[in-house]
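All remarks here apply to the structure that follows.
Just so we're clear, the structure is a prediction, and the values are computed from it rather than from any experiment. Each chain gets a letter, A, B and so on, in the order the sequences are listed, and its residues count up from 1.
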Amino acid sequence: MIEIEKNYDHKKVEEGKEQFWLDNHYFEAMREENLSKPPFSMIVPPPNVTGILHIGHAINTTIIDIIARYKKLSGYDVLFLPAMDHAGIATQAKVEEKLRQEGVNKYELGREKFLEETYKWKDEHADYITKQWLALGLSMDYSKSRFTLDDGMQKAVAHVFKTLYDEGLIYRGERIINWDPELKTALSDIEVVYKEDKGEFYYFKYWLEDHSTYLEVATTRPETMFGDQAVCFNPEDERYKDLEGKRVINPANGELLPLIADRYVDKEFGTGVMKCTPAHDPNDFKIAKRHNLKLVRILNDDGTMNEKCGEFNGLDRYICRDKLVEKIKSEGNLLKIEDITHNVAHSERSHSVVEPLLSKQWFVSMRKLADAVIEIQNSEDKTSFFPTRFADTFLTWLKNTDDWCISRQLWWGHRIPVYTDKITGEVVCSETPLDPEKYSQDEDVLDTWFSSALAPFAFLGWPEKTELLERYYPLDVMVTAYDIIFFWVERMAFEGVHFTKKMPFKKVYIHGLVRDEKGRKMSKSLNNGIDPFKVIEEYGTDSLRYALATNSTPGLDVNFSMKKVENAHIFLNKIWNASRYVLNLFPEDYVPFEIDFSSLSPLDSWILNERDKLIENVKANMEKYELGQAANYIYNFIYDIFCSNYLEFSKVTLNSDDENRKKETINVLYHCLKDILTILFPFCPFLSEEIYSYLPFHKKSLYEESYPLPYDVEYKKEDLNFAESLVESIKFIRNHKSILSLAPNYPLNLALYTDEKTYKEVYPYLKRFSFAKEITLLLEKKGNMVHYLSYDLSVEDDEKAKQAIAKRIEFLKDAIAHSEKLLNNPNFLAKAKKEKVDYEKEQYEKYTSELKSYL
RNA sequence: GGAUGCUUAGCUCAGUUGGCAGAGCAUCGCCUUUACACGGCGGAGGUCAGGAGUUCAAACCUCUUAGCAUCCACCA
């Protein structure tokens, strides 16, 4: 008798297991003993060292871990590589905030000291994140952990920059970029988020030079008027055609602006006249290029007005806006102010309003790089996406993307490896640092995604030719959420293709985001975030993992709630108890043996057949990353087939005196339980490992087992029918009692019309599960029989019992009508698949003959 | 403006090549049956968002309308 606690206690079960696996090196890739196995590789999308892991990270890493463990059991040498991201802007913003609260100014602190502070911050968070990973039970190869700013990455980044620079694919240029005035740095296009904001649309009078008349010009950003270089209209616009070449007075500063015609202007929009501010708007910039206009910047880096703005010099942009409008109004040149709702660009990190402005920055020239990926995606070597629709999302971006602004005016990050000779002024790009006495290095750092884009190969040692790279590149599958397809997946793709000539991953699996139970995004302001640690504390890692995996459909968001975790816990408790029952059945001298399929009892055939179907279904779905679907099959098998039916049936067998059959059943239970645990292991590793350790003749760990395969046998059809009819007839009797309002344990009389052999076989089961008082074997068929595949059954001749039969008749009539309709349709007979027609005929025969016997 | 996803039981969602609609929770009966009351058994509950089409057959394929959500672009 094994002493196992009555209830599943996740804390006791999970304690020490992760360490146990670590101690036995199960998570490590490329170990001597595994070198003959095929490799399988994945990396974790590196979390930012900015903060701690939330439930969104949990779903991502859980999915990867399930795949990793599944592949491991399926005979692969799995690499699951952990890494963290320095997250330039995000981390620097946090550290600056922290320093501000401590009353420290970063400029006074200086670059070196600031970076020291940031490294401290990074170390603290990295430690905590690692703890969270371990708590989530992740089987990452921690010995190979990487950081996007580590030495290897420094080399890789410098090499990539230098190469692209030499190829002319990285250039420095003056263009309109997105400027974050709070963090005082440039941003790439995708670091900008558009939000609907309420704003004002100001209409001003722009008088003609000769004061003969004025034009109505509208703007949402009056403060930029100091940078206006022209007023434009469409050349086709009859209203203004004659004005071309004349000049108007800028009401902000009295300067004269030329009137120019440009096709960009929409005749239908507003008044059809538009002011042109080349240094503060990308479209105006293009117009300026066409018309040779000057580029005048009117904002300082911190969002205040500069010296071009006269009396407004030094004022914040919004204060300036109000004061300027006030001034123009007082001069009689304000026509009206309309309230409008428009899309305003905000910084993804600081949330401040982004100013488009002219600035000298570094860019990656995208066309050639993107086209190379598009070409591969149109070939046989393409990377496949799950779900497939994301392949289009991926391609569309590549087709439309603009050059990538990669320089950031930050300190935390990879510094741009470009140097200027202090004497000659010569500009040099160098992979290795140059003498600071002779050269001054570019002050800026690179966009964080510039380094994380190299992850699939640089984390494996590139540009060195390492064994790791050789063996595991390209990655087998990239698992990530749809919100970073553009940030990360795209960039890994074109860097990978450019530097390794192949896509960096064979497959991409895209999952959704975790939302709260009402489908709202988890956010600090709503305070609806869920801390995975809390969930683990209350319900355990396995429940969390199971809840995340089961409730998700590929590519769709998951509405997460504690209730779902609680349900998972209840299910695990069920498994715990079922195992507890099975584990106590094994006699002292039990030794597992091979199943002899030639002499199986019908019920044992049935459960093994169900087991085989389970394995096929789970494997098929795992290969498609349909984890939720796979988990459903597991759930149904364990709950309905194994627990509710087979375990119950086994009690009858084990109470009989057929010693051979008892032995066989115990052995079948052993194999089923072991297989269940192995199949469950990827999803709920702690619980399955714990129960496994109680199993007789277990190995050191489930990790040393291999994934079960379906048995290559034909089960006897009549055995399977027998089991199915047993399940059905028990259900019938229970149902019958329910209709008659009889207690479930009310002793009924049953009559069976069948052969003696079946009677003998069925009797003990019916007796037990239907609380039959008496079960008679009928040699001659009488009325009121309910028909099952192997035999006919009737309950005692009660007046009310007819209700149950009536219900059955109802069902039969329906089913027959359905079949008749199909079979009477000549088109159906002619065009439907043969199997379907045969099946329908069979059904019809079966049901009509049953119905006849009731009438 | 362009694109995508979603709409199925009271709620949260599955539904794998088209073949008589499923689960969990909630609800309603009944049951302390020797693994499990974190349990067992049974019931009730659906015009698969609306419309049209293809097909012998549509929750599923095509078109269309509506609502919700998200992404991309962005007109001053």
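- Atom CZ of A:Phe486 and atom C1' of B:A73 are 11 Å apart (whole Å).
- With hydrogens and angles left out, the side-chain atoms of A:Tyr633 and A:Asn621 include no donor and acceptor closer than 3.5 Å.
- Remark: the A:Glu648 side chain and the B:A35 base include a donor-acceptor N/O pair separated by less than 3.5 Å.
- Across all strands shown, B:C68 forms a Watson-Crick or G-U wobble pair with B:G5, both key distances being under 3.5 Å.
- On a pure distance criterion of 3.5 Å, a polar donor-acceptor pair joins the side chain of A:Tyr633 and the base of B:U16.
- At whole-Å resolution of the value, CG in A:Asn573 and P in B:A35 are 15 Å apart.
- Comparing A:Asn735 and A:Ala218 along RNA chain B, the residue whose closest nucleotide (by nearest heavy atom) sits nearer the 5' end is A:Asn735.
- Counting distance only, with no hydrogens placed and no angle test, the side-chain atoms of A:Lys821 and the base atoms of B:A57 include no donor-acceptor pair under 3.5 Å.
- Rounded to the nearest Å, the gap between the P atom of B:U47 and that of B:G22 is 15 Å.
- With respect to the salt-bridge test (charged N to carboxylate O, under 4.0 angstrom), the residues A:Glu216 and A:Lys336 do not qualify.
- Under the 30°/60° scheme for interplanar angles, the aromatic rings of A:His511 and A:Tyr509 are found to be tilted.
- Applying the 3.5 Å distance criterion, the base of B:C25 shares no donor-acceptor pair with the side chain of A:Asn567.
- Contact annotation: side chain of A:Lys563 to base of B:C25, donor-acceptor pair absent below 3.5 Å.
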